[in-house]
Number of protein chains: 2
Amino acid sequence: MPRSSGKTRDQILEAAMDLASVEGLEGLSIGRLARRVEMSKSGVIGHFKSKEDLQLETVRAAVGVFEAEVQAGVTAEPGLARLRVLLERWTRHVASGRFSGGCFFWAASAEFDGRPGRVRDAVARATLHWLEQIVAEVRLAIRLGEIRSDEDPEQLAFELHALVQEANWARQLLDRSDAFDRARRGIERRLGQAEKSN
Amino acid sequence: MPRSSGKTRDQILEAAMDLASVEGLEGLSIGRLARRVEMSKSGVIGHFKSKEDLQLETVRAAVGVFEAEVQAGVTAEPGLARLRVLLERWTRHVASGRFSGGCFFWAASAEFDGRPGRVRDAVARATLHWLEQIVAEVRLAIRLGEIRSDEDPEQLAFELHALVQEANWARQLLDRSDAFDRARRGIERRLGQAEKSN
DNA sequence: CCTACCGATCGGTAGG
DNA sequence: CCTACCGATCGGTAGG
């Protein structure tokens with residue numbers, strides 16, 4: 001059962017994710033967020049213990065969106081087929097404009113990589129988890145004989161992951177509308193190379 | 001001839017680049033920068049017209065560092081050989097820890113991609129210029145018959161560029177000390193694939 | 001280059 | 001959920 005003010009809290013977090021994707025999790029000030037959701041500052045912060053707590057809850061909410069849009073309900077066969085589906089869903093999610101500022105975690109990564117603390121740890125944990133999921137899927141595909149056994153799963157995951165992050169960069173900073181198609185082409189070419197021939 | 005206070009100004013910009021690589025160009029506040037260089041706030045801002053001007057000069061200084069460490073004095077043969085040298089010098093520069101927060105332009109990209117203005121334009125111009133230089137070198141290598149003529153220069157440059165940015169991300173956020181070796185392996189593998197066999 | 005100051009905004013709290 | 005307020009810090013200026 002949701003608590004009584006669950007709806008408002010969710011609305012605040014939805015606005016917080018969008019604001020943070022543009023202005024960063026630090027630029028996400030309580031006053032600015034309050035204006036955005038048309039509440040008083042104390043009304044906003046009353047839902048959270050502190051700004052750090054608000055940032056942590058915002059990261060957690062973004063993890064929830066990612067899981068729902070990228071990971072949930074994938075029915076493809078485990079291995080190479082599921083790897084392709086996961087990468088395509090990720091690409092589509094980042095390209096979709098779900099958040100005004102592009103990929104939430106790319107922005108949060110760059111902002112918090114130099115600031116020790118719980119927010120940085122939460123961002124690192126979430127992004128590492130996703131990277132490790134790609135590694136695991138590559139490993140499975142190797143075990144199934146779909147990907148060449150001389151491929152290093154960590155290396156292949158690194159290269160695939162790089163392409164989607166690059167696409168986000170190229171679209172957000174350089175306004176390259178073809179960025180995600182380039183990521184897709186790179187992924188397909190790389191997987192084609194890794195695939196066991198025959 | 002440098003103006004009389006050129007030395008101090010350069011010291012301020014050196015500190016500003018380092019601070020911005022960690023805290024961002026916005027987190028680079030005049031007060032914090034003043035404390036870092038042991039001056040008063042007005043002493044710092046006196047060298048610049050405004051905070052935006054300070055940010056622009058800091059970007060310009062970072063372009064200068066990049067040119068000196070990556071682009072200057074490359075003697076390799078134009079084409080594939082020079083492409084390899086440029087990518088290796090870029091990788092080494094980003095890996096070197098020249099700035100505390102890792103790649104200055106990666107941090108600035110994520111921070112300003114959602115904020116219109118002159119700072120964003122300067123960051124976009126600088127990074128686009130570097131990307132276009134990689135494209136140009138690929139094109140030359142194709143013309144020289146060193147890279148297969150069915151390679152799309154923009155696509156290949158996108159993929160190579162992605163690997164170094166990914167390495168910066170992996171080291172700064174995930175503390176992956178092997179990140180730049182992964183970038184190197186990816187670059188070599190990709191160039192090997194693009195290379196004309198025989 | 002400094003001190004001293006401006007109005008605005010920051011995160012957060014008191015009190016209701 | 002609100003108003004009203006706290007001390008700290010923001011970018012920037014006056015005056016020297």
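Note that the structure is a prediction, hence the values are computed from the model and not measured. Labels below follow one simple rule: chain letters A, B, ... track the order of the sequence lines, proteins then strands, and each chain is numbered from 1.
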Base C/dT13 paired with A/Ser42 side chain (donor-acceptor, <3.5 Å): no

Whole angstrom value for the distance that separates C1' of D/dT9 from CG of B/Leu33: 15 Å

Base D/dG12 paired with B/Lys41 side chain (donor-acceptor, <3.5 Å): yes

A/Met39 CE to D/dT3 P, straight-line distance once rounded to whole Å: 11 Å

Whole-Å gap separating C1' (C/dT9) and CZ (A/Arg32): 10 Å

N or O in side chain of B/Thr8 less than 4.0 angstrom from C/dC1 OP1/OP2: yes

Bracket string, DNA chain C, 5' to 3' - pairs by Watson-Crick or G-U geometry under 3.5 Å, | interstrand: ||||||||||||||||

Considering all heavy atoms, the nearest B/Arg84-B/Glu195 contact: NH2-OE1, 3.4 Å

Geometric class of the A/His161/A/Trp90 ring pair [parallel <30°, tilted 30-60°, perpendicular >60°]: tilted

Whole-Å distance separating the NE2 atom of B/His47 from the C1' atom of D/dG12: 16 Å

N/O donor-acceptor pair, side chain A/Ser40 with base D/dC1, under 3.5 angstrom: no

Sugar-phosphate, base or nothing in reach of B/Ile30, heavy atoms under 4.0 Å: sugar-phosphate

Nearest-angstrom distance from the residue atom CD1 of B/Ile45 to C1' of C/dC2: 15 Å

Nearest-Å distance for atom pair NZ/C1', residues A/Lys49 and C/dG11: 16 Å

For A/Ala20 against A/Leu28, the heavy-atom pair lying closest together: CB-CD2, 4.4 Å

Side chain proximity check, A/Glu159 to B/Glu166, heavy atoms < 4.5 angstrom: no

